[in-house]
Each structure stands twice: as C-alpha cells, then as structure tokens.
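Take a look at the structure set out below.
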Amino acid sequence: MRFLAVGIFHGTIQYTRFCVDGDLPSDWMGIFEASLKLRRFVPLHEDGNDVESQGFVLAQAPFADDCELLNTHFYFDGRLVLAFRRDTIRLPKAYLKELVKKRIEEQKVKLGEEPSRKTCKAIEEAVIYEVRRRVFPKSQIVDLCWDFQKNELRLFGRGKSLIENFTKLFEQTFPMKLRQKTFAEQAMGIDLPLRSKGQLESLVPQELYQPIYRTEV
Amino acid sequence: MSKDPSALNFLGPEFLSWLYFHLDEKGGELRFSEYSKQKVSFEDSFRMCIGNRALLRPLAGESASVTVTGASIDDSGEVLQAFRAGALVDSLSLEIHFSQTTYTFIVNAKDGSISQFKILQPFANQPVEKDEDQELEDEANVIMRMSALDEAEMIIDALFQEFVGRRIHQAFATTDLANMRRSVSEGLQSKLPPREQHKRNMEENTLALEA
C-alpha cells in the first residue's frame, strides 16, 4: 500500500492556515460526533465500482476503519485533532486498453465475426472490474488541528486539490465556513481605523525595482 | 462593501521582502513587545534570522524565479541581484532562536502557509521515556508541537501587522522602500571588487592581451 502521511505527532511540519467562521454550537461534542459518524471515511470495497473515497479518520489510527470517532479520541485540550483520508484507485489506462483489445480479438476468433458494440462494451466493463480488483488504492492522510479558542484550523498539507476537497468535506460536516488565511486575508482582518482600512483597500503593488524580465500579456 | 482580499495578494511577497531587510537592519535581535501588545508565554527577546533558502520571483511573472540556497544566503549577493532585477521574495526560510529552543521553517508568500517547520531543542536526540498511556503521550505531543506553531505564528503575524501599519502610509515609499533600495545598492557594491583593484585588473588583462 502506498501511504502518504503528513503528521501532527512526529516529524517535520507543513501546513495551511484557515480561519473558521461561525460559532461553536453549545452541545458541540454530541453534534460533531453525530456529523462525523456520517462523514467518516469508508474504505473502497474491492468489488465496488468507485475509484475514490474520502472522509475523516482518527489521526492516531488512520487505518482503523472500524474505530468510532469519539470526542475522547479527537479532543485534545481545546483542540479537535483528526485526519482527512482520501483513497484513490488509478487504473493503468494503457494496460486496460491493451487488455480490452486482446479480449475483443479473442471474442472475434471465438464467434468468427466482429463482436457487436454491446459486446465490446461488456468486455470493457469486465476488464475494468477485473483490473480494479487487482489495484490497491493510494491513501493520502492529512492531519488537521482545529483550535476552538482561536477559531483557526491547521491542515497539515498543501496543494490546491487537497485544500478544495478538504474544505468541501469540512463545510458539509460542520456548521462552519473555512477561509484560507493568506497574508491578504490576514491584512483585511487587522483591526484598523476606518481611514486606514480605506487606505489598505486601495493599496496597489509597490515594486522595489522595475522587473527587467516582465512578462507581457 | 469591502474589497476582495485576493486583490491584496501582493502583500505576501512585499512583506517577506520587507522582512528580509528589516531583520538585517535590526541585526536579527528582536523584541516581541516592540511589535505587539499581546501578552505571550514565550521570551520577549529572541533572535530571528534568515535561514538557508529563499525563492524570489517578480510579482507579474509566474515562470521566472530564482532560488538561492546555502548556509548564508544573505551574504551571497545573489538575493540582492534578484531584488535588483525586480523580483520579490516568494518563500523565505527563517530561524527563530530562543534561549532553549530554535524553530526553523519556510514562510510561503502566496498562501501564507508554513513548510519544513522543525523544532530544535538541546538533548532532543536523547531517548525519551515512553509514557505508558499512548493517549497521554499523543496529547502531550500535540500540545507541545501546536504551542511551537502558535509561538512562531504570533511572531510572524506581529511582524506582518507592523509591515501593514507602515505600508498603508505614504511614507513607506520614502522611508522603508528607499532604505531597502539603499541596502541593495550598498550590498551589491560591497560584493564588487574595489574600483582601484578593478582598474589594476583591467590594465593587467590589457597588457596580457597585448603581449
């Protein structure tokens, strides 16, 4: 199994910062446990057709698929610690194409005529099913730490698609919105007098020197 | 109605470029209380310096970039040359030294993310007695590591706030920007050989060619 992990417990850290917009419900423990039950990770079944699955898992035991997500496991001193797991199966396209071609040829010899389009489609589906069972999913596990006091979340990974998939799942699970904490976002959040706020909003880039290799659009 | 924050995305590279010169100006010795009134649990005085990696690119160009790596990138002159060519800092490796602990990490201007964060402590390589209760050990680990991130973030955020406070005033162009330009030209000049030496070298080369 290929396992990509970015850890909260050990090793070098890389993370993306988020602001969490929205108030924490009074009975958050019960609400979150119920929501996480619905959005927990469900492994891909070897007989299924899906090629990807994503959900929340315990950061301490990301492969314990039957372990319940209880607050005693994910609540650490004012912080919610979980992991986002995404399993994907990538079918080898060139190999599939070759195998389908070979099977169609075999069928042609067996029937003594060109197989119908319906038969070709059925052969293709059977080959995909057969190959899919032999390919092991690639797991991506990214830890997250949500600080309730600061209303901030750290996702221990970077990358556009990871952030998009995670943000979508988070907002489906919790009654809150996520905003990536870039420097621009942070600047807008600084407590400034109204006049300074206006000055900030009207800022334009100020180059140290004119670039000598400016790209023309 | 407030502006779309993405219109201010240039503030990230501008901040890291300003920080590069600000640390040089301060000699790396900073006091948190100079930048923020916020009460903190860590030491007020610390040393912050440029680490071993910087990536520079112009604001408008995505493809052209310069990566400088090495033990003392601020002494190499390559960073200054990139600044002179119109680039700004896109990601910068930083070190924060407290009396007992050091944090090293890279700040990325584009998305404000942090990468390669390491906590260096004396005796960190000595075997640590394993706690019998794994959950307690995990919790202690999370608290310790998240506190380190909190501290580093607080320092970076306070410096960013200082930068924004300066940037919104018109004086930024006449003071900070002018100082940065002076640092670049002085730094580049100091990397070039002295004029007399240069003249002698040229004369020697001419004589050698004539001979």
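Numbered from 1 within each chain, the chains take letters A, B, ... in sequence-line order. Bear in mind that the values here come from a model prediction, so they are computed numbers and not experimental data. Heavy-atom basis, side chains included; hydrogens, waters and symmetry copies ignored.
Contacts of B/Q161 classified as side-chain hydrogen bond (donor to acceptor under 3.5 Å, both in side chains), with partners at least two apart in sequence or in another chain: none.
Ring geometry, A/F148 versus A/W28: the interplanar angle exceeds 60°, so the pair is classed perpendicular (tilted spans 30 to 60°). Between B/F105 and B/F117, the ring-plane angle classifies as parallel under the 30° and 60° cut-offs.
Of the listed residues (B/S113, B/G165, B/A7), the greatest number of heavy-atom pairs within a distance under 4.5 Å of chain A belongs to B/S113. Most heavy-atom pairs under 4.5 Å with chain A, from the set B/L149, B/T104, B/V164: that is B/L149.
Along residues 168-181 of chain A, the residues that come nearer than 4.5 angstrom to chain B, judged on non-hydrogen atoms, are A/Q180, A/K181 in order of number. Of all residues spanning residues 29-52 of chain B, none has a heavy atom less than 4.5 Å away from chain A's heavy atoms. Within residues 9-16 of chain B, the residues having any heavy atom less than 4.5 Å from a heavy atom of chain A are, in residue-number order, B/N9, B/F10, B/L11, B/G12, B/E14, B/F15.
At most 12 non-hydrogen atoms from other residues, nucleotides or ligands lie less than 6.0 angstrom from CG of A/D23.
Of the charged side-chain nitrogens involved, at least one lies within less than 4.0 Å of a carboxylate oxygen, so that A/E130 and A/R134 count as a salt-bridged pair. For the pair A/K160 and B/D111, the salt-bridge criterion is not met [side-chain N within less than 4.0 Å of a carboxylate O]. Between A/R132 and A/D50, no side-chain nitrogen of the basic residue sits less than 4.0 Å from a carboxylate oxygen of the acidic one, so the salt-bridge criterion is not met.
A/V51 is not listed as a side-chain neighbour of A/T88, based on a closest heavy-atom distance of 4.5 Å or more. With a 4.5 Å cut-off on side-chain heavy atoms, A/I89 and A/D87 do not count as touching. Residues A/T16 and A/L162 fail the side-chain proximity criterion, which asks for heavy atoms closer than 4.5 Å.
A ring-centre distance under 6.0 Å is not found for A/F74 and A/F56.
With a threshold of 4.5 angstrom between heavy atoms, A/K150 approaches chain B through side-chain atoms but not through N, CA, C or O. Looking at B/L88, only its side chain comes within 4.5 Å of chain A, counting heavy atoms on both sides. Within the 4.5 angstrom heavy-atom criterion, atoms from both the backbone and the side chain of B/M146 approach chain A. Both the backbone and the side chain of A/L200 come within contact range of chain B, each with at least one heavy atom under 4.5 Å from a heavy atom of that chain. Interface remark: B/Y103 contributes no atoms to any contact with chain A (heavy atom separation under 4.5 Å).
Inspection of the A/N49 and A/Y129 side chains reveals no N or O donor paired with an N or O acceptor under 3.5 Å.
Just one residue in the list A/F18, A/F156, A/F32 forms a ring-ring contact (aromatic ring centres under 6.0 Å, His included) with A/W146, and that residue is A/F32.
Under the 6.0 Å distance and 45° angle rule, B/R167 counts as a cation-pi partner of B/F172.
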